[in-house]
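Throughout, protein chains are lettered first and strands after them, A, B, ... in sequence-line order, and every chain is numbered starting at 1.
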There are 2 protein chains.
Amino acid sequence: MRILILGGDGYLGWPTAMHLSAKGHEIAVADNYLRRQLCREEDVEPLFETPNLIQRTKLWKAVSGYEINLFIGDLTQWDFVTEIFNHFKPDCIVHYAEQPSAPYSMLNRRAATCTLQNNLMVTANIIFAVHELCPEAHIVKLGTMGEYGTPNIDIEEGWIEIDHKNRKDTFLYPRQAGSLYHTTKIMDTDLLWFYVRMWDLRVTDLMQGPVYGLFTDENINQNQLLPFFNYDELFGTVLNRFVVQAVAGYPLTVYGKGGQTRGYLNIKDTLNCIRLAIENPPSPGKLQIFNQFTETFSVNELADMVKHVGNQMGLNVKIQSIENPRKEAEDHYYNPKHTGLTELGLEPNFLTDTVLAQLMEFVARKAVSAALE
Amino acid sequence: MRILILGGDGYLGWPTAMHLSAKGHEIAVADNYLRRQLCREEDVEPLFETPNLIQRTKLWKAVSGYEINLFIGDLTQWDFVTEIFNHFKPDCIVHYAEQPSAPYSMLNRRAATCTLQNNLMVTANIIFAVHELCPEAHIVKLGTMGEYGTPNIDIEEGWIEIDHKNRKDTFLYPRQAGSLYHTTKIMDTDLLWFYVRMWDLRVTDLMQGPVYGLFTDENINQNQLLPFFNYDELFGTVLNRFVVQAVAGYPLTVYGKGGQTRGYLNIKDTLNCIRLAIENPPSPGKLQIFNQFTETFSVNELADMVKHVGNQMGLNVKIQSIENPRKEAEDHYYNPKHTGLTELGLEPNFLTDTVLAQLMEFVARKAVSAALE
């Protein structure tokens with residue numbers, strides 16, 4: 001299959017490109033390095049340097065023998081989008097091409113405007129390009145579990161039947177997010193759902209939880225092929241941040257009471273979920289939605305696990321509660337359904353002490369080698 | 001009160017400016033003439049010419065003695081927005097500044113992009129400007145009943161309590177619209193609701209039905225002060241279009257079966273609703289939502305009324321069903337609540353034969369005078 005990965009330089013975009021390439025698909029990636037640029041501007045560079053996409057695709061060719069097509073440019077620009085679609089003619093588009101940080105989207109007005117304009121115009125351009133140039137193609141969109149917020153009722157898988165005053169209808173499950181970034185994903189959903197109905201598009205929306213980890217089948221023992229590993233408070237997700245804090249001897253910083261519960265998944269499972277979604281496209285005019293995570297943890301539970309494994313490694317891990325910079329419930333009901341991807345065959349890689357220890361030992365070696373440089 | 005009207009040149013913006021000015025408020029209007037420009041590009045000019053805003057404000061001063069402040073420019077541009085807010089310092093912002101045509105938003109990719117970018121960036125800029133420059137100000141946002149679509153359950157006033165698996169929570173009422181224009185209004189709602197929670201803004205969202213009519217207390221016998229009267233299929237709403245078709249001797253064109261039911265209101269009631277909303281601001285951190293219409297009609301019912309009144313005037317009015325260019329249910333359940341504005345004191349101007357005859361006679365006189373030119 002011809003698969004176009006938008007945002008192919010990202011934490012998940014690049015591992016996805018290699019994974020699908022290794023499975024024998026014809027792959028193209030597009031990126032404008034927006035996330036690298038924002039990390040540099042805000043001085044939150046990842047733990048280690050990663051090669052650019054020209055270097056990455058060469059390395060991948062050398063390791064695997066597979067070619068990955070490359071398009072460097074800005075997907076908010078229609079002429080760039082048509083250039084890619086006309087040249088590559090995708091059967092499937094995996095859409096990661098968004099400003100991905102919730103805290104960044106809340107930094108200031110310019111950051112908010114960048115997030116809004118980038119995320120919505122890229123999504124709109126993908127919709128228009130598919131409609132005009134490859135109307136049969138399947139769009140696999142990365143949404144987020146954060147779109148749902150923390151409602152006081154069970155979270156269903158994208159849709160809910162509402163029984164109201166003795167009449168019934170089915171609607172998109174209500175969405176109410178805690179950051180502008182997450183709100184742009186809600187707006188993406190509105191836009192995609194409208195055009196799915198209008199133009200009979202085929203769209204899968206993957207409501208993903210926070211991802212952790214570094215290692216996939218494709219980058220094992222190939223450090224140059226590893227994804228970004230951000231551990232800062234803008235671009236780092238919570239577990240990755242805790243791992244680096246533990247190794248560096250900083251206390252794990254828990255926002256507020258730490259009762260915030262979310263659904264998490266290993267980066268390997270992200271790749272499997274994406275692949276399962278690609279292999280199971282919806283029929284035209286259908287918006288297929290899956291909740292993409294494998295297990296739920298509170299922030300306190302994650303901190304305790306990192307502390308436990310860290311102390312076994314001989315580290316002296318401390319946990320510190322700091323004032324919550326976000327407006328979010330720190331103690332809430334959370335019961336999200338996630339059976340769709342399991343029914344398609346997902347076999348989860350759960351968060352075990354071994355998985356955590358492997359990640360922490362790698363980060364510790366990186367820290368030592370950085371200190372020796 | 002200092003009231004800033006964004007989109008103050010529009011079908012409703014200009015009558016709103018005069019109405020609130022006549023009530024003694026300090027008024028500023030802002031507009032970039034986008035709608036005039038789009039009508040010219042698409043060759044769908046209104047029934048009669050209307051003066052530009054410099055002429056309109058001079059005429060209004062001459063008639064009423066009241067000054068209206070004027071800002072001509074593009075509200076998607078942050079520097080223009082800050083110029084207005086710093087200069088005028090509004091207590092209340094009435095936000096009409098959107099590309100307002102559903103069919104235009106569906107014309108082609110450029111029209112869709114214009115609608116998306118204009119509507120979302122103006123809404124975002126208003127939110128940012130209020131937060132940074134006048135955090136106590138009340139935003140009165142024009143939404144649309146079309147955001148709800150035609151669900152198979154009763155339409156509540158903005159919010160719904162969902163009882164699901166023995167737990168309860170209250171959410172924004174589900175929204176699922178029939179055009180891109182209406183979808184951008186849903187996206188506006190997402191954005192406003194997010195920032196209401198985040199920054200304790202005070203926002204009223206008015207879910208308005210299609211408006212008909214021309215005459216208000218401020219423009220009576222002042223033809224130069226009348227609003228636009230579009231009767232085309234892009235910018236004309238259905239009843240205004242039927243009136244002109246009847247006078248011109250064209251059959252009234254009903255899309256499909258004509259069973260599409262919506263909530264309508266007289267332009268005078270729009271002004272009263274806006275005023276009532278301004279006089280009753282929500283507390284900070286609250287999104288107040290009203291369904292703004294006074295009575296519901298199916299398209300067939302409207303056509304029959306115009307035919308009846310037209311035939312009484314000696315016209316020979318015919319009704320013709322044409323293929324529906326939209327994807328919409330032509331026969332559906334529709335039971336929207338609309339008590340909020342009535343409870344605030346709205347006294348509706350209903351659609352009577354007299355109201356319709358007054359409008360049709362005016363249009364007939366305009367047609368005769370145009371023919372004599």
Side-chain angles (χ1 to χ4, degrees), chain A residues 78 106 108-110 112-113 116-117 120-121 123-125 127-129 131-132 147 149-156 160-180 182-191 193-195 197-200 326-327 333 335, chain B residues 78 106 108-110 112-113 116-117 120-121 123-125 127-129 131-132 147 149-156 160-180 182-191 193-195 197-200 326-327 333 335:
Chain A
W78 177 244
M106 310 289 286
N108 55 45
R109 189 189 54 79
R110 281 186 305 109
T113 300
L116 257 176
Q117 286 188 325
L120 291 171
M121 283 319 302
T123 300
N125 279 344
I127 292 168
F128 301 146
H131 177 58
E132 288 184 25
E147 291 180 50
T150 53
N152 194 40
I153 61 174
D154 286 1
I155 296 175
E156 302 300 326
I160 187 169
E161 184 180 74
I162 299 179
D163 193 330
H164 184 62
K165 298 180 179 170
N166 299 316
R167 300 184 63 89
K168 280 183 190 177
D169 203 348
T170 298
F171 300 91
L172 279 176
Y173 189 94
R175 284 150 167 81
Q176 174 174 299
S179 85
L180 175 63
H182 292 94
T183 302
T184 63
K185 294 260 185 179
I186 296 176
M187 297 159 88
D188 284 339
T189 304
D190 291 333
L191 202 61
W193 175 221
F194 169 67
Y195 280 116
R197 283 174 287 138
M198 194 54 44
W199 288 339
D200 288 332
R326 308 183 188 194
K327 273 201 183 178
Y333 183 74
N335 190 23
Chain B
W78 177 245
M106 310 289 287
N108 54 45
R109 190 189 55 79
R110 281 187 304 109
T113 300
L116 258 176
Q117 286 189 324
L120 291 172
M121 282 320 302
T123 300
N125 278 343
I127 292 168
F128 301 145
H131 177 57
E132 288 184 23
E147 291 179 50
T150 53
N152 194 40
I153 60 173
D154 287 2
I155 296 176
E156 303 299 326
I160 188 169
E161 184 180 74
I162 299 179
D163 193 329
H164 184 61
K165 299 181 179 170
N166 299 317
R167 300 183 64 90
K168 280 183 189 178
D169 203 349
T170 298
F171 300 92
L172 280 176
Y173 189 93
R175 283 148 167 84
Q176 173 173 302
S179 85
L180 175 63
H182 292 94
T183 302
T184 63
K185 295 259 186 180
I186 295 176
M187 296 160 87
D188 283 340
T189 305
D190 292 331
L191 203 59
W193 174 222
F194 169 68
Y195 280 116
R197 283 175 286 138
M198 193 56 43
W199 288 339
D200 287 333
R326 308 182 189 195
K327 272 201 183 178
Y333 182 74
N335 190 24

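- Contacts of A/R175 with chain B are absent, with no heavy-atom separation under 4.5 Å from either backbone or side chain.
- Looking only at heavy-atom pairs under 4.5 Å with chain A, the residue among B/L120, B/T170, B/N152, B/D169 that has the most is B/N152.
- Within the model, atoms CG of B/D154 and CG of B/N335 stand 4.0 Å from one another, a figure rounded to the nearest 0.5 Å.
- Using bins of under 30°, 30° to 60° and over 60° for the plane-to-plane angle, the ring pair B/W78/B/F128 lands in the perpendicular bin.
- If you take OG1 on A/T123 and CG on A/L191, they are separated by 7.0 Å, rounding to the nearest 0.5 Å.
- Interface remark: A/K165 contributes side-chain atoms only to the contact with chain B (heavy atom separation under 4.5 Å).
- Contact tally against chain A (heavy-atom pairs below 4.5 Å) for B/M198, B/E161, B/M187: the top residue is B/M187.
- Comparing B/I160, B/D163, B/N166, B/L172 by heavy-atom pairs within less than 4.5 Å of chain A, the highest count is held by B/I160.
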message: Would B/T183 and A/W193 count as a side chain to side chain contact (heavy atoms under 4.5 Å, CB included) here? Give the steps.
response: CA-CA 10 Å; B/T183 302; A/W193 175 221; over 6 Å; no
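- Heavy atoms closer than 4.5 Å to chain A are found in the side chain of B/L116, but not in its backbone.
- Of the listed residues (B/E132, B/E156, B/H182), the greatest number of heavy-atom pairs within a distance under 4.5 Å of chain A belongs to B/E156.
- How far NE2 of A/H131 is from OH of A/Y195: 8.5 Å, rounded to the nearest 0.5 Å.
- Minimum heavy-atom separation, A/F171 to B/P174: CD2-CB, 3.3 Å.
- By number of non-hydrogen pairs under 4.5 angstrom with chain A, the leading residue of B/T113, B/T189, B/L180, B/I153 is B/I153.
- Closest heavy-atom contact between B/I127 and B/W199: CG2-CZ3, 3.8 Å.
- Of the listed residues A/M121, A/M106, A/Q117, A/R109, the one with more heavy-atom pairs under 4.5 angstrom with chain B than any other is A/R109.
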